[in-house]
Participant: 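This is the structure I want to talk about, given as C-alpha cells.
Within every chain, numbering begins at 1; the chains are lettered A, B, ... in the order of the sequence lines, protein sequences first and strands thereafter.
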Protein chains: 2
Amino acid sequence: MVVKTTERTRWRESRRRSAREAIIQGAWTLVREEGLAALSIRELASRVGITTPTVYAYFESKNAIYDAMFGQAAIEFRDAMAAPHNVEDQKELLLADVHRFFAFSLSDTARYQLLFQRTLPGFEPSPESYAPAQQALAGARRRLADIGITASRHLDLFTALVTGLVDQQVANDPGGKRWSQLAKEAVDMFVTHCQAAKVSKSRLLIHPAQ
Amino acid sequence: MVVKTTERTRWRESRRRSAREAIIQGAWTLVREEGLAALSIRELASRVGITTPTVYAYFESKNAIYDAMFGQAAIEFRDAMAAPHNVEDQKELLLADVHRFFAFSLSDTARYQLLFQRTLPGFEPSPESYAPAQQALAGARRRLADIGITASRHLDLFTALVTGLVDQQVANDPGGKRWSQLAKEAVDMFVTHCQAAKVSKSRLLIHPAQ
DNA sequence: GTCTATAGCTGGATAGAC
DNA sequence: GTCTATCCAGCTATAGAC
C-alpha cells in the first residue's frame, strides 16, 4: 500500500508531461525485462502505478500500445540512421551505416524484435507508425546508389547480408561482437562483388558479340 | 457428437501404429494453420479426437510436445541435407546445399521457425533433440572445408549470408523466389571473396615484409 | 479520469471414476 | 488409458460508482 502510494505519486508527476508517454515507457521497461510477447496490461498498469481501466482510457487495446511503441521505435531508427557522418569516402559511409544499424539493434533487442522481426501474432503496425522506418530504408537505398549500386537484386542481397549478420549477433551473441566484427569484411565483399558485376557488364556492352 | 465419433475411430486406428506419432502429427497441422505459438493442448486434443488428460498420458508437458516436434524436424533436416548429390564440382555442391536449405525451409515455415528461430518463450530443445541438427551443421562445415574455406570468421559470414537470404524469403515472400534466386550470386560472391583473401594471405607469407 | 469489481474467456495441468 | 469434471492462474476488456 505504501509502495502503491509512491507509484501513484510518480504517476501524477509524469501525468503533467504526458500520460501516454508514461505508459509507453513502462511498456518498454517491461518488454525489455520479460520479452516482447510478455506485455500484459495488468502487469503494465501495476508497474506504472495505475489500474487497468486507466490504461484503457489512453489506449483502446493492447495492440494500440504495441503500435505506439512501434511508431516511437521507427522514429528513433530513422533519426539514428539520418544523423550526419564525419567521413567522406562513399564506401566508408556505407560501412558507417552498417555499424550504426548494429549499434541501434544491439542497444535494445526488444526494440529490434518489434521493428524487424514479425514475431507478434496478430499485430501489424499501422501505416503511420511504419512510415519513418520506410524513410530510413530509402536512405539506405540512396547510400547504395551513391556508390553506383542500383540493381534491385543487389539491394535485396545487401539487406539479406546485413540483416543476416545482425540477426545472428542479436540471437546468438547479444553482448559480444562475433558477427558485428565481420561488418567491414562483409561490406568489402559486397561492394567488390557489385563493382565487378558492373565491369563485366560494361565489357559486354563494348563487345556485344562476346 | 457424430463428428467426435469419427475422430475417435480415426484415433483408434492410428493408435495401432503409435499414439505419440498421431499427437505430433496433429500438432504439426495445428501450428501450420495457426502459427507455431498457437499450439494449445485443448485444441490439439480436440482435433485429434481425444481429451486433454489423454495428451498428458503421452507427454508430460506442452514443451515436451515442442521438443518432440523439434527432434523430428531436426532429423528431417539432417536427412534432407545428407542425401547424395549428382554433381561433382565442389562449388556446385555448396550451391546445391544452399538450394536444399531453401527448399527445406520454404516447404514448411512453421518447421523452419521452430528449428532456426528462437521465438518460443521458455522453450529450449533438449540435447537429444538438437543433436541431429548439429550433425547437419557439421556437414556444412565439411563442405566449406572441401573448397578450402576453414577460417571460423568465414563460416560465420557464410551462415549469416545464407540465413539472411532464407529469412528474408520466408518472412517477406514465402511463395516466391525473390531472395532464393540470389543464391547462386551470393555463393559466387562469398567463394570469390574467400579465395581472394587466401591469395593475399599467401602473398604476405611469401613477402612478409610487405 | 480513476477507481473497485468483475465479466468472460482460455490456458496448462490434475483428481478420481471407470 | 481414457474419460468427466474441475482447479487455478492468467489474460483482455468493461460496467458502474465516484
Side-chain angles (χ1 to χ4, degrees), chain A residues 1-24 26-27 30-31 33-69 120-124, chain B residues 1-24 26-27 30-31 33-69 120-124:
Chain A
M1 270 306 179
V2 178
V3 175
K4 278 265 159 139
T5 305
T6 65
E7 279 163 357
R8 289 190 192 170
T9 305
R10 225 194 314 272
W11 170 252
R12 269 188 279 268
E13 285 167 8
S14 62
R15 265 302 321 256
R16 253 173 270 148
R17 317 192 69 184
S18 163
R20 280 178 63 96
E21 186 63 25
I23 292 172
I24 296 291
L30 181 55
V31 300
E33 284 177 25
E34 311 199 2
L36 188 61
L39 178 61
S40 139
I41 305 285
R42 287 176 156 176
E43 175 86 6
L44 169 58
S46 159
R47 291 201 178 205
V48 179
I50 56 178
T51 58
T52 48
T54 306
V55 174
Y56 282 94
Y58 292 94
F59 295 94
E60 71 170 353
S61 74
K62 185 174 158 178
N63 273 349
I65 298 179
Y66 277 131
D67 195 57
M69 295 168 78
L120 288 176
F123 169 70
E124 285 281 329
Chain B
M1 272 303 179
V2 178
V3 176
K4 279 263 160 145
T5 305
T6 65
E7 278 163 359
R8 290 190 190 172
T9 306
R10 225 193 315 271
W11 171 251
R12 271 189 277 268
E13 285 167 8
S14 62
R15 266 301 321 256
R16 252 172 271 149
R17 320 192 68 184
S18 162
R20 280 178 63 96
E21 186 63 25
I23 293 173
I24 296 290
L30 182 55
V31 299
E33 284 176 24
E34 310 199 2
L36 187 62
L39 178 62
S40 139
I41 306 282
R42 283 157 123 105
E43 174 86 6
L44 169 59
S46 159
R47 289 201 179 204
V48 179
I50 57 178
T51 58
T52 48
T54 307
V55 175
Y56 282 93
Y58 292 95
F59 295 93
E60 71 170 354
S61 73
K62 186 175 158 180
N63 273 350
I65 299 178
Y66 277 131
D67 196 56
M69 296 168 79
L120 289 176
F123 170 69
E124 285 280 330

Participant: Looking at E60(A), I'd like to know if its CD atom is crowded, meaning that more than 12 non-hydrogen atoms belonging to other residues, nucleotides or ligands lie closer than 6.0 Å.
Facilitator: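 It does not: E60(A) CD has 12 such atoms or fewer within range.
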Participant: When the distance from CZ of R12(B) to P of dG1(D) is rounded to whole Å, what number comes out?
Facilitator: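 Nearest whole value for this atom pair: 15 Å.
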Participant: Take atom CG of L120(B) and atom P of dG12(C), then tell me their distance rounded to the nearest Å.
Facilitator: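 Atom-to-atom, L120(B) to dG12(C), this comes out as 13 Å.
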Participant: Tell me: CG of N63(A) to P of dC11(D), nearest whole Å?
Facilitator: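 Going from CG in N63(A) over to P in dC11(D) covers 16 Å.
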Participant: Base, sugar-phosphate alone, or nothing: which one does L39(B) contact when heavy atoms must sit under 4.0 Å apart?
Facilitator: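 Sugar-phosphate only.
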Participant: So if I take every side-chain heavy atom of T52(A) and compare against dT14(D), dC11(D), dG12(C), which nucleotide ends up nearest?
Facilitator: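 Out of dT14(D), dC11(D), dG12(C), the nucleotide with an atom closest to T52(A)'s side chain is dT14(D).
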Participant: In this structure, how many angstroms lie between the P atom of dG11(C) and the OH atom of Y56(B), rounded?
Facilitator: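 Rounding to the nearest Å, OH of Y56(B) and P of dG11(C) are 11 Å apart.
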Participant: Rounded to whole angstrom units, what separation is found between the CD atom of E60(B) and the P atom of dT14(C)?
Facilitator: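 Taking CD of E60(B) and P of dT14(C), I get 9 Å after rounding.
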Participant: Where does the angle between the aromatic ring planes of W11(A) and Y58(A) fall among parallel (under 30°), tilted (30 to 60°) and perpendicular (over 60°)?
Facilitator: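 Rings of W11(A) and Y58(A): perpendicular, as their planes differ by over 60°.
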Participant: Across the strands shown, which category fits L44(A) at heavy-atom distances under 4.0 angstrom: base, sugar-phosphate, nothing?
Facilitator: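 Counting heavy atoms under 4.0 Å across all strands, no contact is made by L44(A).
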Participant: Among dT2(C), dT14(C), dA5(C), which nucleotide has an atom closest to any side-chain atom of A57(A)?
Facilitator: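 Output: dT2(C).
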Participant: Side chain of Y58(A), heavy atoms from C-beta onward: which of dT12(D), dC3(D), dT2(C) has the nearest atom to it?
Facilitator: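 Closest nucleotide among those given: dT2(C).
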Participant: Between P53(A) and E43(A), who's closer to the 5' end of DNA chain D by nearest nucleotide?
Facilitator: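 Final value for this comparison: E43(A).
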Participant: Less than 4.5 Å apart, side chain to side chain, heavy atoms only: is that true for I41(A) and Y56(A)?
Facilitator: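 Answer yes - side chains close enough.
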Participant: Nearest to the side chain of K62(B), which nucleotide is it out of dA13(D), dA13(C), dG1(C)?
Facilitator: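 The nucleotide sitting nearest to the side chain is dA13(C).
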Participant: When you compare the side chain of I65(B) with that of V55(B), does any pair of heavy atoms fall below 4.5 Å?
Facilitator: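 Heavy-atom side-chain distance check passes, below 4.5 Å.
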Participant: With a 4.5 Å heavy-atom cut-off, do F123(B) and K62(B) have their side chains touching?
Facilitator: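 Side-chain contact under 4.5 Å: no.
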Participant: Within the modelled atom types, does a donor on one side and an acceptor on the other bring the side chain of R42(A) and the base of dG10(D) under 3.5 Å apart?
Facilitator: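 A donor-acceptor contact between them is absent.
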Participant: Closest to the W11(A) side chain: dT12(D), dC3(C), dT2(C)?
Facilitator: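 Nearest to the side chain of W11(A) among the choices is dT2(C).
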Participant: Check the distance between dG12(C)'s P and I41(B)'s CD1 and give it to me in whole angstrom.
Facilitator: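 Distance check: I41(B) CD1 to dG12(C) P gives 5 Å.
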Participant: Between dG12(C), dC3(D), dA13(D), spot the one nearest the side chain of S61(A), thanks.
Facilitator: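 Selected nucleotide (nearest to the side chain): dA13(D).
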Participant: What is the distance, rounded to the nearest whole Å, between atom CD1 of I50(A) and atom P of dA5(C)?
Facilitator: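 Those two atoms, CD1 and P, are 18 Å apart.
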Participant: Which listed nucleotide (dC3(D), dC11(D), dG11(C)) is nearest to the side chain of S40(B)?
Facilitator: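 Of all the options, the side chain of S40(B) is nearest to dG11(C).
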